[in-house]
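What follows is a single structure, written as structure tokens, with notes after it.
Sequence lines set the chain letters: A, B, ... in the order given, protein chains first and strands last, and positions in each chain run from 1. The figures here come from the full heavy-atom set of this structure, side chains too, leaving out hydrogens, waters and symmetry mates.
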Number of protein chains: 2
Amino acid sequence: MPDNEYNKIPNAPVTIQDIANLADVSIATVSRYLHGHLNRMSAETAERIGRIIKENNYVPNKVAQNLKQKTSSTIGIMVANVDDSFSVELYKGAEEYLFSVGYELVLINSNGDVDREQQLLTEMRNRQLAGLLVQPVQNKLHDFTALKDLGLPVMILDRHFDEPYWPVIESNNEEISQQLGQLIVDKGYEEVIILTETVAATTSRQLRVKGIQEQVEAAGLITHIIEVDENHFDGDAVHNRIGELTNHRQIKTAIVALKEPLLLQLVGLKIRKNVKYPQQIGIVGFADTPMINILDPDLTLVRQNPMEMGRMSAKMLVAQIKNDDLPADIVHIKAEIIEGTSL
Amino acid sequence: MPDNEYNKIPNAPVTIQDIANLADVSIATVSRYLHGHLNRMSAETAERIGRIIKENNYVPNKVAQNLKQKTSSTIGIMVANVDDSFSVELYKGAEEYLFSVGYELVLINSNGDVDREQQLLTEMRNRQLAGLLVQPVQNKLHDFTALKDLGLPVMILDRHFDEPYWPVIESNNEEISQQLGQLIVDKGYEEVIILTETVAATTSRQLRVKGIQEQVEAAGLITHIIEVDENHFDGDAVHNRIGELTNHRQIKTAIVALKEPLLLQLVGLKIRKNVKYPQQIGIVGFADTPMINILDPDLTLVRQNPMEMGRMSAKMLVAQIKNDDLPADIVHIKAEIIEGTSL
DNA sequence: TTGTAGGCGTTATCAC
DNA sequence: GTGATAACGCCTACAA
């Protein structure tokens, strides 16, 4: 049955064929028009096609385009935790750049769950994405090989694997932590408590602990690590543990929160327990949102630049897509220490 | 050229045709296998196909499936502002439900920009999405008609339009604001200051102001509205203005922040300026993240339930997709007042 | 139980 | 200048 009779269902999207029929040309000509090959047709034809496209509100079907072209202008970013503003900033940085160069960025959340990550990864495999930005949940990606086989351009954010395969964007975790350690030493602290989630789970935590310890222990200080579960934070327990470790605040101690939510908890404790900082106890932590400063402008903190990390990773991803080769292996985005009075 | 010779480029994704060749059956049989029609083939065939799919790590090409089926299992959610945890919670609630029923949810950010919203909307039109969740930036959607023509299932979150077309999920803004107004009256306040971004821009703000004013002015109190730009918050200016309005705290005044970031700013001011609350000045605000309570557990606040809003909207969207009809016009998700001591 | 073939909406290579 | 037409990978009547 020829297509130029009107047996369309209502709301059926208009196709290139519809436009061709209405304009009385072939779909090839319409396609040429759409791709700007206006020199290959008469001015009238072009005008007519243009008008009819406008009138009928025609937009090419991306799915068909993607199928044909075996790629799309959509890039995915799989973040570890949308609740974490760090992840959101990664998205924003990447999105800003990608939008400016004609890609769309689509976010999915592995929600800190490795199985979920695995599942989403397989689902993304056959999506005809142009590329993928991944902030892995842990130190390794499970579906590693499947992605490799696919030849899909990938960037790894905020973590790295033992065997690097894709380029990595990270904060200069070790370096900045050394600086922080040095600062703690310089300020005359006698002991250091590191408040963190399970250290072994991510490279960033490992590097931070390493950096701080190196510097601080070289100066003869003792470090303690308190590992907590962010989702079941027991303020009183932590407060008591800190009390024990500091011999009830007789020892001048710096407490370092390796992650913003933990720093927040610490600030909350400080307010509630009415502890006097930083005379005997100094606090400092990693934090990336401006918000925390609204609350306590005097906090000393280590500020990463997740937005820049997102932007840079997007640039490198596009480079991969275009050149089909890998730029650098690993790029460090500088974090900085903002000195307040809490340390 | 027949497809069963190996002229594939390396990394070319394996197709149903490849599997058919390797298994020595037709693609129809493989397709049947994939769709679980195992009764329509011999056990050996099924076993063989299954094995070969495993071995070759085959996953059907979603793009081709979508093109053929004219729909997909992907749902989009366009949020007004990823920086706002409210938007993120909407996403999470929707995602949780959709994931459980086999859809994927993909987030895009209009970033509070109506033009951006417009553009993304047109880009989404031809994406073969199964449905779309939208938290509009303002009281109206521009590309309204284009979406209508498409017959795409849509849910509107957190805003509503003058001419409702799609079902809406909202907080019970007016009702809860009336309750809040009553609470303020009951607590013996003499004046009310409402701190908000431009009221006219969104229905939720309008309804909140309306609810509070109704209740409070019925009791003879005066209300003042301070409209600020969240992104250029001038703490000192707001502090001074509050000072003027309260005759330098001689008048017992309740300050209501209509949005979490503004409440945060208020708390920040309170800390920095060392103002004594709530003897003369009470503060209360809309806030949705638990975080704010870590900082100040004594805050009285209005907590919406964005996660439930996301979940409910997702359910209703799926209902639309399945039944092709609209459930209810508008659903209100209850907010609640958490009483602390700050008001 | 299994295969053939047409079509989903595009793109692009040929022809004319 | 313009139009057929063969893919892209998959689904699904309809045959066999």
Whole angstrom value for the distance that separates P of C/dG9 from CG of A/Asn56: 15 Å
Rounded distance in Å - NE2 (B/His35) to P (C/dT1): 19 Å
Distance test, side-chain N/O of A/Thr29 to OP1/OP2 of D/dG3, below 4.0 Å: yes
Under 4.0 angstrom between A/Ser26 side-chain N/O and D/dG3 OP1 or OP2: yes
Between C1' of D/dT12 and CG of B/Leu34, the distance in whole Å: 14 Å
Phosphate OP1/OP2 of C/dT10 contacted by A/Ser31 side-chain N/O (<4.0 Å): no
Lys/Arg N to Asp/Glu carboxylate O, B/Asp83 vs A/Lys92, below 4.0 Å: yes
Residues forming a side chain to side chain contact (heavy atoms under 4.5 Å, CB included) with A/Asp113, sequence neighbours excluded: A/Asp115, A/Arg116
Side-chain donor-acceptor pair present, B/Ser87, B/Gln135, cut-off under 3.5 Å: yes
Euclidean distance, atom CZ of residue B/Arg32 to atom P of D/dC11 [Å, nearest integer]: 12 Å
B/Asp24 CG - C/dG3 P separation (whole Å): 8 Å
Separation of atom CD1 in A/Ile27 from atom P in C/dT11, rounded to whole Å: 9 Å
Contacting residues from residues 66-76 of chain A, given that a heavy atom lies under 4.0 angstrom of DNA chain C: A/Lys68, A/Gln69
Pair A/Gln65-A/Asn61, side-chain donor/acceptor within less than 3.5 Å: no
Residues A/Glu123 and A/Arg127 bridged, charged N to O under 4.0 Å: no
Presence of B/Gln65 side-chain N/O under 4.0 Å of D/dC11 phosphate oxygens OP1/OP2: yes
Sugar-phosphate only, base, or nothing, as touched by A/Val25 at under 4.0 Å among non-hydrogen atoms: sugar-phosphate
Between P of C/dT11 and NE2 of A/His37, the distance in whole Å: 10 Å
Salt-bridge contact A/Glu44-A/Arg48 (side-chain N to carboxylate O under 4.0 Å): no
N/O (side chain, B/Tyr33) to phosphate O (OP1/OP2, D/dC11) under 4.0 Å: no
Close residues, residues 39-50 of chain A, relative to DNA chain C [heavy-atom separation under 4.0 Å]: none
Under 3.5 Å side-chain donor-acceptor pair for B/Thr202 and B/Gln138: no
Beyond-backbone contact of B/Thr203 with B/Glu170, side-chain heavy atoms, under 4.5 angstrom: yes
Minimum-distance pair of heavy atoms, taken over all atoms of A/Pro60 and A/Leu34: CG-CD1, 4.4 Å
